[in-house]
There are 2 protein chains.
Amino acid sequence: MITIKDIARVAGVSHTTVSRALNGNPLIKKETRDRIEKIAAEMNYIPNYSAKSLVMKKSYTIGLFFSSIDQGTTASFLVDAIKGIHHVLDENYSLTVHGIDSIQHFDAIMPQRFDGILVMSQSDEDNAFIYHVKKMCIPLVVLNRQLEDTGIMNVVANDRIGVMEAIDYAASQGHSRFAIIEGRAGFKSSIERKQGFIDSLIAHRLPLIPEYFAAGDYAVESGYTAMCSLLALPEPPSIVFCANDDMAIGAMNACYAQGITIPEQLSLIGFDDIVFARYTNPALTTIHRPVADISKLGTTKLIELMKDPDTPPQQLFVNTTLMVRQSVAAV
Amino acid sequence: MITIKDIARVAGVSHTTVSRALNGNPLIKKETRDRIEKIAAEMNYIPNYSAKSLVMKKSYTIGLFFSSIDQGTTASFLVDAIKGIHHVLDENYSLTVHGIDSIQHFDAIMPQRFDGILVMSQSDEDNAFIYHVKKMCIPLVVLNRQLEDTGIMNVVANDRIGVMEAIDYAASQGHSRFAIIEGRAGFKSSIERKQGFIDSLIAHRLPLIPEYFAAGDYAVESGYTAMCSLLALPEPPSIVFCANDDMAIGAMNACYAQGITIPEQLSLIGFDDIVFARYTNPALTTIHRPVADISKLGTTKLIELMKDPDTPPQQLFVNTTLMVRQSVAAV
DNA sequence: ATGGAAAATGCACACGTGAAAAATATTTCA
DNA sequence: TGAAATATTTTTCACGTGTGCATTTTCCAT
């Protein structure tokens with residue numbers, strides 16, 4: 001491996017000059033710089049990141065942390081996040097992926113190892129981690145879950161409003177017996193989506209019926225189970241809002257199994273707009289959650305924060321979009 | 001940040017002794033070691049990985065490379081891979097995720113930055129990258145795509161045999177007019193799955209009908225399109241094998257659209273066994289691809305290789321499993 | 001006690017880089 | 001032409017860690 005010292009020897013200058021030349025330091029005469037850059041290129045010089053890290057106290061690493069990699073995180077969510085970040089992130093940063101639930105010692109999370117951290121947060125339980133990062137003064141952006149603390153950069157989709165729009169739409173189609181299959185207990189998104197559901201019903205002066213609130217955990221299977229229990233009610237709902245598409249697919253399946261046709265006998269609304277949503281039968285009307293956009297914006301903000309740690313924290317909202325397809329009937 | 005020198009001062013020894021004590025070097029007296037370890041713990045010492053890296057020429061980083069993050073890589077594939085790896089990987093290694101297609105300069109891929117590399121390979125086009133890694137002498141395991149070169153550690157599912165089993169099963173159900181919707185051109189998996197399809201038909205002395213070979217690219221939409229063209233044939237097939245589940249879902253959708261019922265009028269087989277496969281209507285009969293198992297085994301092998309670079313390379317096969325559900329009818 | 005081997009520890013340096021301070025070269029101005 | 005001012009480069013040191021070799025301490029057999 002060749003180093004700046006090797007280049008210095010060839011160029012007949014000191015290694016410091018080489019370092020400066022290669023890092024765009026204005027103290028170097030233009031012709032010297034050009035000559036050194038040429039030599040460096042010819043010698044195929046590649047900087048040693050370990051050495052750089054040691055002296056600069058930078059790691060050239062961005063950490064992406066999910067609440068959990070195994071549980072409650074749908075595949076498309078994780079992938080869209082990674083895609084979004086890669087889209088914005090400079091090539092000489094590398095992105096490491098972690099699950100908060102599998103971290104043994106927070107001590108290993110320190111400025112030395114991460115220039116910046118993105119937390120794809122789903123639950124309050126991440127707070128311990130988030131505050132550790134903050135205490136360590138590592139530039140931090142929390143994505144996807146709205147924080148009470150306005151001292152932290154935060155990028156989220158406005159789930160609640162997204163749901164309200166969807167319910168408004170369904171109400172405009174004449175529906176009045178609304179049920180919900182809720183998300184995983186403890187997840188902020190579950191609460192928000194439920195609240196949007198409730199708010200919209202209240203705004204339309206529709207009744208909140210306790211039996212129409214079914215528990216779920218974001219997994220496909222839980223949608224199936226919850227739908228079965230809803231269908232077993234003496235008077236089933238005319239429309240069911242599922243807190244994510246995975247559960248909506250499970251729910252749809254339960255309907256097939258019981259010979260209920262969608263949307264004629266029962267309407268269905270999902271949340272997320274995963275790839276498969278447009279390929280269910282009928283195609284699922286759902287709320288598009290802009291995970292990739294959130295990730296992109298979050299990464300942009302993180303980069304700002306790394307450049308200038310005093311950038312004032314903001315709470316940024318990214319809009320959801322209602323995707324009207326075929327799973328809601330007019331009644 | 002506290003360093004071994006700080007500990008040395010407190011313990012009244014040299015930093016060398018501290019370094020040795022903390023790294024389990026046998027030259028240190030047991031009681032000295034115990035004392036130093038105690039002090040280190042009390043002082044909350046955390047080693048500086050940059051310095052370690054510099055001196056040890058290790059990075060404590062494993063790179064996971066996909067052919068592409070954006071294209072042709074399904075979400076569940078990426079996620080299952082990450083999960084599998086995390087399951088095996090030691091906590092003080094971090095995992096970075098990359099798309100080969102977005103690497104600008106291979107020069108940045110060097111031993112200094114990666115202790116080991118896992119390539120989730122889908123296409124021959126990855127070879128340039130793979131050989132670069134090999135040339136750099138970075139411990140390497142290639143997953144998912146079978147290589148001709150037996151000099152590289154390689155873990156793959158036996159796609160071909162998996163497909164053959166599935167076609168055998170379908171033949172045993174009385175089918176004889178078999179069609180295929182192929183995977184993305186250029187991907188090894190596409191070729192293997194197609195070959196399994198062909199081999200099985202030949203073994204059953206069934207005809208290979210050119211019109212029954214439809215092109216696809218692993219995306220849901222391409223399954224839809226391909227199925228439309230198959231259904232437009234004067235004499236459509238009685239069963240269609242789709243090279244992955246995503247396309248099978250697209251294909252299923254095309255059937256809905258044209259009022260063809262599955263499996264009564266047309267049978268369908270997928271490949272991968274994604275989460276949603278059991279929730280299609282009817283549930284999709286498919287071939288389970290053990291991505292997580294491949295990743296786990298591959299990671300284990302990579303760790304072996306990192307410990308002892310002379311570990312002889314192997315080609316390891318992980319079995320697929322036929323998941324019989326409801327999309328294939330007996331005729 | 002004493003020599004000598006064995007065990008334990010310390011010294012000095014290396015890794016590749018960047019930065020402050022010092023040195024040298026060049027330009028400017030009177 | 002010479003001093004002051006400025007531009008450029010070099011010297012020296014630091015970052016935190018591990019290692020070969022020298023040094024000290026310990027222990028045992030004499």
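Chain identifiers are assigned alphabetically (A, B, ...) following the order of the sequence lines, protein sequences preceding nucleic acid strands; residue numbering begins at 1 within each chain.
Counting to the nearest Å, the P atom of D:dT17 and the OH atom of B:Tyr49 are 11 Å from each other. With rounding to whole Å, A:Lys30 atom NZ is found 17 Å from D:dA7 atom C1'. To the nearest angstrom, P of C:dA19 lies 10 Å from NZ of A:Lys52. Remark: P of C:dC15 and CG of B:Asn48 are 18 Å apart, rounded to the nearest angstrom. Going from atom CZ of A:Arg9 over to atom C1' of C:dT17 covers 15 Å, rounded to whole Å. As rounded to whole Å, 17 Å separates atom P of C:dT24 from atom NZ of A:Lys29. The CG atom of A:Leu22 sits 13 Å away from the C1' atom of C:dG16 (whole-angstrom rounding). Taking atom CE of A:Met56 as the reference point, atom C1' of D:dC15 lies 12 Å away to the nearest angstrom.
Among the atoms of the strands shown, only primed sugar atoms or phosphate atoms (P, OP1, OP2) are found under 4.0 Å from some heavy atom of A:Tyr45. In this structure, B:Asn23 reaches the sugar-phosphate backbone alone: every heavy-atom distance under 4.0 Å involves primed, P, OP1 or OP2 atoms, never a base. Here B:Met1 lies out of heavy-atom contact (under 4.0 Å) with every strand. Residue contacts for B:Ser50: at a heavy-atom cut-off of 4.0 Å it reaches no nucleic acid atom on any strand shown. B:Thr16 comes within contact range of at least one nucleobase, with a heavy-atom separation under 4.0 Å.
You won't find any donor-acceptor pair under 3.5 Å spanning the side chain of A:Arg33 and the base of D:dT8, going by distance alone. Looking at B:His15, its side chain has no donor and acceptor atom pair within 3.5 Å of the base of D:dG16. For A:Thr32 and D:dT9, a side-chain-to-base donor-acceptor distance below 3.5 Å is absent, hydrogens and geometry of angles not being considered.
By the 30° and 60° cut-offs, the orientation of the rings of A:Tyr60 relative to A:Tyr49 is perpendicular. Aromatic ring orientation, B:Phe114 versus B:His98: perpendicular (interplanar angle above 60°, classes split at 30° and 60°).
The residue among A:Leu54 and B:Leu27 whose nearest nucleotide of DNA chain D is located toward the 5' end is A:Leu54. Projected onto DNA chain D by closest heavy-atom contact, B:Ile46 and B:Arg20 fall at different nucleotides, the more 5' of which corresponds to B:Ile46.
Listed candidates were C:dT9, D:dC15, D:dT17. Nearest to the side chain of A:Val55 is D:dC15. Of the candidate nucleotides C:dT17, D:dT17, D:dT12, D:dT17 has the atom lying nearest to any side-chain atom of B:Pro47. When each of C:dT17, C:dG18, C:dC11 is scored by its nearest atom to the side-chain atoms of A:Ala51, the top-ranked nucleotide is C:dT17. Closest approach to the B:Thr17 side chain among C:dG16, C:dT9, D:dT10 is made by C:dT9 (side chain taken as heavy atoms from C-beta onward).
Side-chain contact between A:Arg113 and B:Ser94 is present, with at least one heavy-atom pair separated by less than 4.5 Å. A heavy-atom distance below 4.5 Å is not found between the side chains of B:Val156 and B:Glu192.
The side chain of A:Ser14 contributes an N or O atom lying less than 4.0 Å from OP1 or OP2 of D:dT10. An OP1 or OP2 oxygen of D:dT17 is reached within less than 4.0 angstrom by no side-chain nitrogen or oxygen of B:Lys5.
Judged by a 6.0 Å distance limit and a 45° cone about the ring axis, B:Lys135 is not positioned over the six-membered ring of B:Tyr131.
B:Thr17 and B:Ser14 are linked by a side-chain donor-acceptor pair at a separation below 3.5 angstrom, with hydrogens and angles left out of the test.
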